[in-house]
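What you see below is based on every heavy atom in this structure, not just the backbone, and it leaves out hydrogens, waters and symmetry mates. These figures come from a predicted structure and were not determined experimentally.
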Amino acid sequence: MNKTVVVYNSKYGYTKQYAQWLAEELNADMFNGKELKKNMLNDYSTVLFGSSLYAGTNKAAR
């Protein structure tokens, strides 16, 4: 059983591509974070998570 999993959330596909590269290199399983169900990660000792990060200004914080 594989003990490493890559979980990703990707809006435009870039994070998914990086997740695929990591999963292939590490011989790991891969899941879309939106499709995760409760207890799906219980069998894994290492979980890598990738998602997007958007930077900008928050006008309400001013």
Chemist: For the OG atom of Ser52 and the OH atom of Tyr14, what is their distance to the nearest 0.5 Å?
Modeler: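 One finds 12.5 Å between OG of Ser52 and OH of Tyr14.
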Chemist: Please walk me through it: do Asn32 and Tyr8 pass side-chain contact (heavy atoms from CB on, under 4.5 Å)?
Modeler: CA-CA 5 Å; Asn32 183 332; Tyr8 71 92; 3.6 Å; yes
Chemist: Distance check, rounded to the nearest 0.5 Å: Met30 atom CE versus Lys16 atom NZ?
Modeler: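 Here the rounded value is 6.0 Å.
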Chemist: Which is it for Leu41 and Phe31 under the side-chain contact (heavy atoms from CB on, under 4.5 Å) test, yes or no, and what are the steps along the way?
Modeler: CA-CA 10 Å; Leu41 302 178; Phe31 297 124; 4.3 Å; yes
Chemist: Would you indicate whether Phe49, at its atom CZ, is surrounded by more than 12 heavy atoms from other residues, nucleotides or ligands within a distance under 6.0 Å?
Modeler: yes
Chemist: Atom OG1 of Thr15 and atom CG of Asn9: how far apart are they, to the nearest 0.5 Å?
Modeler: 8.5 Å
Chemist: Indicate the atoms forming the closest heavy-atom contact of Ala28 with Thr4, along with that distance.
Modeler: CB-O, 3.3 Å
Chemist: Check the hydrophobic clustering (I, L, V, M, F, W, Y; side-chain heavy atoms under 4.5 Å; chains of links allowed) and say if Met40 and Val5 are grouped together.
Modeler: yes
Chemist: When rounded to the nearest 0.5 angstrom, what is the spacing between CG in Leu26 and OG1 in Thr46?
Modeler: 9.0 Å
